[in-house]
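Take a look at the structure set out below.
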Amino acid sequence: MGNILTTEDRIKHFEEFHKKADYSSQTCQASRCMSCGVPFCQAGMMISGMASGCPLNNLVPETNELVASGNYEQAYIRISKTHPFPEFTSRVCPALCEAACTQGHCEDNPVPTKENEGAIIDYAYEHDLVKEPAPKVRTGKSVAVIGSGPAGLSAALYLNRRGHKVTVYERDDRVGGLLRYGIPNMKLDKRTIDRRVELMKEAGVEFICNADVGKDVKPADLLKKYDRVIICTGAKNPRDVAATGRDAKGIYFAVDFLKEVSKKLMDNDYDSAKIISTEDYSFGSLKGKHVVVIGGGDTGNDCVGTSVRLGAANVTQLEMMPKAPLKRTDKNPWPEWPKVLKTDYGQEEAAYVYGEDPRIFKTTVTDFVKDKKGNLKSVKTIELESKFDKEKGRFVMEQVPGTEKEIKADIVLIAAGFLGCESYVMDGFKVDKTERSNIAADDKDYKTSVKNVFAAGDARRGQSLVVWALEEGRKAAKAVDTSLMGYSNL
Ligand SMILES: Cc1cc2nc3c(=O)[nH]c(=O)nc-3n(C[C@H](O)[C@H](O)[C@H](O)COP(=O)(O)OP(=O)(O)OC[C@H]3O[C@@H](n4cnc5c(N)ncnc54)[C@H](O)[C@@H]3O)c2cc1C
């Protein structure tokens, strides 16, 4: 981990842009940790509706102290007490710990705890410290985990450690959920997932891929076969864009696009050159194409970075909300999560290649314009402004007449958010739903309305973060263990 490759270097391929750990530099950085009296970095508490600090409650100051003294082995032992998979979050986490770091408050330069975490887990793998021994005693109880994203993997890891027989059912051809088929390879190398899954298999976790529960596998059969079931199926339903001409050819949902590219990379043994040169995609090729990404969030950013690598002529990213300030405002004090402008790797790369930041703020699409063959040729946009809606009692974004524009577009990628868990999974198990179409279960015992059925991760809380999915998997495992054994030491 550590320093990022230069923009020029990294856009030529789909290999990870994180560099290998530089242990002496991390040791130096970790020594800046002040072991604060009130370490918000490890609190994971809700402040003003958003989490501040690590949801896993990683013991950040203690771990930093061990890194500062160069004791990476003990640091690994310490982080493993709270964290199932540091190799994932050290690559993809937005680092809530750093946003809540006192050094960030005082000097605007937080301790790079995420990089330290990367160095710890790199060291642990390099020195053969990462082990997953099979449990010495089996309880005779069995659990089916549905979905192998970070929530499912986390639940499976802990339940197996406790001695329960765990079987993970996965709809896709490979394990990993959005770690595998959402987040692109340059941010998270898929071999990182394989390495961990191999350890889990050796320890006794069974993975069954290409098994779509609710379609190929009957929920009722699982309830008969296993003592408990945990649904960790994510929140895949994408939010669509209601604009005229939506049936134009050339419009794709972001995750379908990202999944196709990641799958092609793995099917071609990680040969970036091959997948950049081929036109064998459902969208043909992006070479020389004008790409418009709708949605300014992380998923949209991944689409921008992927389009740059696939040779798009240019990429525009439309965002409904106003541009965030560069620094915290008085209304958003530390240690709240900072609502500031974030320029991510994809936007940086697009600016490098095309000469400007791809984002256009406060703008939405009103029309997808087609040619005579029904192919997309442009999108019509309009600017938005924030107005107070008295009836709704809150600010809403309204269109501003006279600000219409037209942007050339061969391909549109919709990254406009997600609308909850897929209904066939919830209907198959007959579990109650929330108003937001997620599975109804609280975050204390993770029980659904159906006996012996639990839920965790995005399927329960809605589209969120990897670190939250890991935490939910861990807590759901504890709840299942308690319901099976009467107590839990997880
Ligand atoms: C493009 C993209 C990029 C992201 N980038 C980041 C990031 O950088 N950092 C971050 O912290 N978060 C990121 N997120 C969010 C993060 O990936 C999710 O919050 C997290 O993966 C949720 O984990 P999960 O296990 O609940 O669900 P998922 O990861 O969605 O996994 C659910 C799994 O269940 C399987 N499944 C679904 N239905 C069935 C069924 N019926 N039978 C069997 N299997 C089924 C799916 O195939 C999938 O493998 C990103 C999300 C997206 C879409």
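As the structure lists them, so they are numbered: ligands from 1, and atoms in each ligand from 1. Along the sequence shown, the residues carry numbers beginning at 1. Just so it is clear, the structure is predicted and the values come from calculations on it, not from any experiment.
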Contact partition for [X] relative to ligand 1, non-hydrogen atoms under 4.0 Å:
X: Lys215; answer: neither
X: Val213; answer: both
X: Val217; answer: neither
X: Leu258; answer: side chain
X: Glu170; answer: both
X: Val255; answer: side chain
X: Ala254; answer: neither

Proximal atoms of ligand 1 relative to [X] (non-hydrogen, under 4.0 Å):
X: Asp212; result: 40 (C), 41 (N), 42 (N)
X: Asp172; result: 47 (O)
X: Val425; result: 41 (N)
X: Lys187; result: 7 (C), 8 (O)
X: Gly457; result: 26 (O)
X: Tyr169; result: 43 (C), 44 (N)
X: Gln463; result: 15 (C), 18 (C), 19 (O), 51 (C)
X: Cys232; result: 32 (C), 33 (C), 34 (O)

I need the single residue from [options] that forms a side-chain contact (heavy atoms from CB on, under 4.5 Å) with [X]. Which is it?
X: Ser148; options: Val175, Val197, Asp172; value: Val175
X: Met200; options: Val168, Val166, Val205, Asn160; value: Val205
X: Thr233; options: Asp458, Val213, Ile146; value: Ile146

Report the nearest protein non-hydrogen atom to [atom]: residue, atom name, distance rounded to 0.1 Å.
atom: atom 52 (C) of ligand 1; value: Thr299 OG1, 3.6 Å
atom: atom 15 (C) of ligand 1; value: Ser464 O, 3.2 Å
atom: atom 13 (C) of ligand 1; value: Ile183 CD1, 4.1 Å
atom: atom 11 (O) of ligand 1; value: Val466 N, 2.9 Å
atom: atom 18 (C) of ligand 1; value: Asp458 OD2, 3.3 Å
atom: atom 34 (O) of ligand 1; value: Gly147 CA, 3.2 Å
atom: atom 29 (O) of ligand 1; value: Leu178 N, 2.9 Å
atom: atom 3 (C) of ligand 1; value: Asp302 OD2, 3.2 Å

Next on the checklist: So which atom in Tyr354 and which in Ala312 form the shortest heavy-atom distance, rounded to 0.1 Å?
Outcome noted: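 Looking at all heavy atoms of both residues, the closest pair is OH-O, 2.9 Å.
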Is it true that, when you exclude [X] itself, more than 12 heavy atoms of the residues, nucleotides or ligands shown sit nearer than 6.0 Å to its [atom1]?
X: Lys362; atom1: NZ; value: no
X: Lys447; atom1: NZ; value: no
X: Arg436; atom1: CZ; value: no
X: Lys323; atom1: NZ; value: no

In this structure, does ligand 1 have an atom that sits under 4.0 Å from one of the heavy atoms of [X]?
X: Pro150; answer: yes
X: Phe418; answer: yes
X: Asp298; answer: no
X: Tyr424; answer: yes
X: Lys236; answer: no

Does an N or O from [X], backbone or side chain, lie closer than 3.5 Å to an N or O of ligand 1?
X: Ala456; result: no
X: Ala151; result: yes
X: Ala235; result: no
X: Glu422; result: no

Checklist entry - Do we see a donor-acceptor contact under 3.5 Å between the side chains of Gln26 and Asn116? => result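 On atom types as modelled, these side chains qualify, holding a pair under 3.5 Å.
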Item to check | Between His290 and Asp410: side-chain donor-acceptor atoms closer than 3.5 Å | outcome: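 Note: His290 and Asp410 side chains miss the donor-acceptor criterion.
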Next on the checklist: Looking at Phe85, I'd like to know if the NZ or CZ of Arg196 sits under 6.0 Å from its six-membered ring centre while staying within 45 degrees of the ring's axis.
Outcome noted: no
Checklist entry - Is it the case that Lys475 places NZ or CZ above or below the six-membered ring of Tyr446, under 6.0 angstrom from the centre and within 45 degrees of the axis? => result no
Could you tell me whether [X] and [Y] have a side-chain N and a carboxylate O separated by less than 4.0 Å?
X: Arg309; Y: Glu349; result: yes
X: Lys263; Y: Glu260; result: no
X: Arg180; Y: Asp194; result: yes

Checklist entry - Taking the side chain from Lys190 and the backbone from Leu188, do they hold a donor-acceptor pair closer than 3.5 Å? => result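 Judged by distance alone, yes, a pair lies under 3.5 Å.
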Next on the checklist: Given 3.5 Å as the limit, does a donor-acceptor pair link the side chain of Glu87 with the main chain of Gly118, or not?
Outcome noted: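 No, because the side chain of Glu87 does not come within donor-acceptor range (under 3.5 Å) of the backbone of Gly118.
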Checklist entry - Hey, are the side chains of Asn58 and Thr89 touching, using non-hydrogen atoms and a 4.5 Å cut-off? => result no
